[in-house]
Amino acid sequence: MLNSQQKLLCSVSHLGIFVGLPIVAPLIVLFLSNDNFVKTQAKEAIAFQLGMVILGAIIAVLTFGLLFFVSSIINMFFSIVAIVNILNDVDYSYPVTSKFIRK
């Protein structure tokens, strides 16, 4: 069972996209926390957000911004899914990054 501090720190990691700090927020949580569960969730958020930033940049360059909006919606959707799972005591892993981060 997760305590309220773990839930808060994990949520902050996944909420970075909503405050304009998609990579910085989980990095701060990663370095400040001593809890392994929180660190794993922060790593998940960093990897996913970094991938989405890179994907967004590639899409913006290739399509002149037409599909950038779609990637932003996908990013926000999976961040909300991660927060809801953490608040329900579920060890959430993003579908794309779990193989790389969990090893």
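Computed over heavy atoms, backbone and side chain alike; hydrogens, waters and symmetry mates excluded.
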Problem - CD1 on I46 to CG on L30, rounded to 0.5 Å - result: 5.0 Å
Practice task
Decide if atom NZ of K39 counts as having more than 12 heavy atoms of other residues, nucleotides or ligands within a radius under 6.0 Å.
Solution key: yes
Completion exercise
Hits for side chain to side chain donor-acceptor pair (under 3.5 Å) against D35, two or more places apart or cross-chain, chain-then-number order -> Q6
Exercise for the section: Is it possible for you to say whether I59 and M76 belong to one hydrophobic cluster, with membership spreading through side-chain heavy-atom contacts below 4.5 Å? Expected result: no
Handout entry: Atom pair NZ (K43) and OH (Y94), whose distance is rounded to the nearest 0.5 Å
Key = 15.5 Å
Exercise for the section: Calculate, to the nearest 0.5 Å, the distance between atoms CD1 and OG belonging to I23 and S13 respectively. Expected result: 13.0 Å
Problem - I83/Y92 under side chain to side chain contact (heavy atoms under 4.5 Å, CB included): CA gap, chis, key distance, verdict - result: CA-CA 9 Å; I83 292 166; Y92 181 74; over 6 Å; no
Completion exercise
dist I54:CD1 -> S71:OG (nearest 0.5 Å) comes out at 12.5 Å
Exercise for the section: Would you mind listing the cluster partners of F37? Hydrophobic ones only (ILVMFWY), side-chain contacts under 4.5 Å, chaining allowed. Expected result: L2, I86
Completion exercise
Using a 4.5 Å side-chain heavy-atom cut-off and chaining through intermediate ILVMFWY residues, the residues clustered with L8 come out as L9, V12, V29, V38
Problem - S93 side chain near E44 side chain, heavy-atom distance below 4.5 Å - result: yes
Exercise for the section: Treat each ILVMFWY residue as a node, draw an edge where side-chain heavy atoms are under 4.5 Å apart, and state whether L21 and I28 are in one component. Expected result: yes
Practice task
Mark yes or no for whether N88, through its side chain, and V84, through its backbone, hold a donor-acceptor pair below 3.5 Å.
Solution key: yes
Problem - Joint cluster assignment, F77 & M52, ILVMFWY side-chain distance < 4.5 Å - result: yes
Exercise for the section: Side-chain contact test, heavy atoms from C-beta onward, threshold under 4.5 Å: evaluate it for F78 versus P95 and give yes or no. Expected result: yes
Exercise for the section: Spell out, yes or no, whether V90 and V81 are grouped together once hydrophobic residues are joined by side-chain heavy atoms under 4.5 Å, including indirect joins. Expected result: no
Practice task
Using the rule that two of Ile, Leu, Val, Met, Phe, Trp, Tyr join whenever any of their side-chain heavy atoms come within less than 4.5 Å, decide whether L50 and I58 are in one cluster.
Solution key: yes
Exercise for the section: Report yes if the side chains of F18 and I80 come closer than 4.5 Å at any heavy-atom pair, otherwise no. Expected result: yes
Problem - Close side-chain approach of Q41 to D91, heavy-atom, < 4.5 Å - result: yes
Fill in the blank from the handout: Rounding to 0.5 Å, atoms CD (Q49) and OG (S79) come to a distance of 4.5 Å
